[in-house]
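What follows is a short report on a single structure.
First listed ligand is number 1; within each ligand, the first listed atom is number 1.
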Amino acid sequence: MTIIKKTAVEQRKALLNKEISAVELLDLTYEQIDKNDEQIGAYNSLTKDEAYETAKKVDEKIAKGEDLPLMAGIPLALKDNMNLKGSYTTASSKILENFVSPYDATVVTKLKENLVPIVGKANLDEFAMGSSNENSAFKIVRNPLNLNKVPGGSSGGSAASVAGFEATVSLGSDTGGSIRLPASFCGITGFKPTYGRVSRYGLIAFASSLDQIGPFGRCVEDVANLYEVIAGYDKHDSTSLNMPVGDISASLKQDINGLKVGVITDLLQEGVEEDVKKAILNSIEVLKSKGAIIKDIKMPTLKYSIGIYYILATAEASSNLARFDGVRYGHRTTGAKNLLEMYNKSRAEGFGDEVKRRIMLGTYALSSGYYDAYYKKAQQMRRLIKEEFDKAFKDVDVLVSPTCPTTAFDIGSRNSDPLAMYLTDIGTICANLAGIPALSTPVGFDKEGMPVGLQIMADVLKEDILLKTAYNVEQGIK
Ligand code: GLN
């Protein structure tokens, strides 16, 4: 197998053994991009200067025999809604098409400190709004496993880059499932940490009370290692948690004998494809064989998650996106006759249809006549979801479900029906509403060879238990 198809753990070994240099690893990654990315569309732009500068530093360190940070030299794709100084940071929107970032997001600062080469900026649904990556203003992303299928969204470029060997790991953001869904559709592992674990400073905001940055990788260990690089308190983010991250790698490979696993029965019923169900039930058998105690858990409030989410997320988006006014940065229309016309036209020209739909929905939900009926109700319901999780975690250590009721669908098959598209996230949104950590890892394939993802959720700050469970599933499935 060529080195670019290997995991970060294996690539690190090759770097340390001097079988390959970090610069050569990058060369091979860019060769793969040159060959395939015109079709896949995973990248909006490449950041070669940045990447090579870092890779050279890694090679110097190796030559001198110095200690190497865990992810040093491993090619990474960065979702294009995170700021990297000097790079185009577009959120896949026309309104930011020519925006060059003047600063680094905190995750980027951490990547730089850990000498992780940033290969390029990964394509996404405009402002991270979508489930299929068909909403990018520039180009769609195709699933590297089958080019007629969607890669999932909104972090479709981040997932496709890893699945298509155009990066070894990547970062995405997850507001309602945007890391877990594309991980599931592309057959890789994707992880959304506890809300506040990873700083959002420098992430272009969609819905601030739900947004969280997290890693993608070819195996659970890569994801755990990258999580350790990016997690931790940040004074620039007022919602950042000032709590120790702990030593995840120390517990990752421990056994799960006696671990209590809850199966969310509500997410395994109607609408779940047969092949998905089979793979999930098989992974539950794997957990059982490793000594886990399995229990059925009913969570009847979860069926309201999508409704709650589309009120709260759109409300927050309508407020967050008010800053794109054509005045301070981003696209400005030409020839407007007055200020109001300038605002209106800049926004009308700059935002795509889905973004406009969300701004309108959110503005409506927040308007004085409807605030109590919609926004306040949704906040109250969000509380009930959290309470349902609190109750479940009194009984079990982790919860499992399909990440998505279906495998990757055909390009174009859902984008004329926003409601059908919104339903894709039925299994993932609840974790954002409750702020809990959640991960998707591949556990099988459907008849067409498209991957199925198992979602594992744990209580707040229990990333160690979650990742250990995922590691055991992965080892058992192989
Ligand atoms: N698919 C969901 C949406 O369209 C979630 C997106 C996300 O997590 N960024 O809003």
| remark: Sorted by chain and number, sequence neighbours left out, salt bridge (charged side-chain N to carboxylate O under 4.0 Å, His left out) with Asp446 holds for none
With the criterion set at N/O pairs under 3.5 Å, what does the list of contacts between the protein and ligand 1 look like, atom names and distances included?
unit_1   : atom_1 : unit_2 : atom_2 : d
ligand 1 : 1 (N)  : Gly130 : O      : 2.9
ligand 1 : 1 (N)  : Ser131 : OG     : 2.9
ligand 1 : 1 (N)  : Asp425 : OD2    : 2.5
ligand 1 : 4 (O)  : Gly130 : N      : 2.9
ligand 1 : 4 (O)  : Tyr310 : OH     : 3.3
ligand 1 : 4 (O)  : Arg358 : NH1    : 3.3
ligand 1 : 4 (O)  : Arg358 : NH2    : 2.8
ligand 1 : 8 (O)  : Thr175 : N      : 2.7
ligand 1 : 8 (O)  : Gly176 : N      : 2.6
ligand 1 : 8 (O)  : Gly177 : N      : 3.3
ligand 1 : 8 (O)  : Ser178 : N      : 3.0
ligand 1 : 8 (O)  : Ser178 : OG     : 2.6
ligand 1 : 9 (N)  : Ala128 : O      : 2.8
ligand 1 : 9 (N)  : Ser154 : OG     : 3.4
ligand 1 : 9 (N)  : Thr175 : OG1    : 3.4
ligand 1 : 9 (N)  : Ser178 : OG     : 2.7
ligand 1 : 10 (O) : Tyr309 : OH     : 2.6
ligand 1 : 10 (O) : Arg358 : NH1    : 2.7

| task | Take Phe191 and Tyr227, measure what ring pair (Phe, Tyr, Trp, His ring centres under 6.0 Å) needs, and give me the verdict at the end. | result | CA-CA 8 Å; Phe191 175 38; Tyr227 163 69; 5.3 Å; yes
| Check: Asn81 side chain, Phe127 main-chain N or O, donor-acceptor pair, under 3.5 Å | no
| Can you list every pair that meets ring pair (Phe, Tyr, Trp, His ring centres under 6.0 Å) and has a residue in residues 196-215, with sequence neighbours left out? | Tyr103-Tyr201, Tyr201-His236
| Does any pair with a residue in residues 402-427 pass ring pair (Phe, Tyr, Trp, His ring centres under 6.0 Å), and if so which ones, sequence neighbours excluded? | Phe185-Phe409, Tyr310-Tyr422
| query | Hey, are Asp104 and Lys85 close enough for a salt bridge, meaning a charged N less than 4.0 Å from a carboxylate O? | reply | no
